[in-house]
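Encoded as structure tokens, the structure appears first; notes follow it.
Quick note: numbers below take in every heavy atom, side chains included, and nothing from hydrogens, waters or symmetry partners. Owing to the predicted nature of the structure, the values given are computational and were not obtained by experimental measurement.
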Amino acid sequence: MDRPFDSNDRTGAFDYSDFAQEFLRRNAAYGQQYARIASESGFDPQSPACRRMARSWGLEFPD
């Protein structure tokens with residue numbers, strides 16, 4: 001459903017995924033965990049450590 005233009009609306013055409021990504025990008029705890037996992041596993045999305053970390057934040061990586 002199209003909404004009328006609102007110059008105060010700064011969300012643009014963002015959906016829930018966009019907001020979730022932005023939240024995680026700005027979250028210090030997530031950033032620290034991500035950096036640790038990336039250094040330990042080379043950020044292999046299939047590694048058990050990566051999957052545990054992702055699930056703790058509500059993320060899933062498709063196979």
Next item on the list: Please round to the nearest 0.5 Å and tell me the distance separating atom CZ of Arg51 and atom CG of Leu59.
Entry: 12.0 Å
Checklist line | Nearest atoms (heavy-atom pairs only) where Pro45 meets Cys50 | finding: CA-SG, 3.7 Å
Margin query: Please report the interatomic distance CG(Asn27) to CH2(Trp57), rounded to the nearest 0.5 Å.
Written below: 4.0 Å
Next item on the list: Using side chain to side chain donor-acceptor pair (under 3.5 Å) as the criterion, list what pairs up with Glu22, not counting sequence neighbours.
Entry: Arg25, Arg26
Next item on the list: State, yes or no, whether a side-chain contact exists between Ser56 and Gln33 at a heavy-atom distance under 4.5 Å.
Entry: yes
Checklist line | side-chain contact (heavy atoms from CB on, under 4.5 Å) involving Arg52 - partner list, sequence neighbours excluded | finding: Pro48, Ala49
Margin query: Please find the pair of heavy atoms, one from Tyr30 and one from Met53, that lie closest to each other, and give the distance.
Written below: CE1-SD, 4.0 Å
Item checked: Pairing residues for Asp18 by the side-chain contact (heavy atoms from CB on, under 4.5 Å) criterion, not counting sequence neighbours -> Phe14, Asp15
Item checked: With sequence neighbours excluded, residues passing side-chain contact (heavy atoms from CB on, under 4.5 Å) with Ala28 -> none
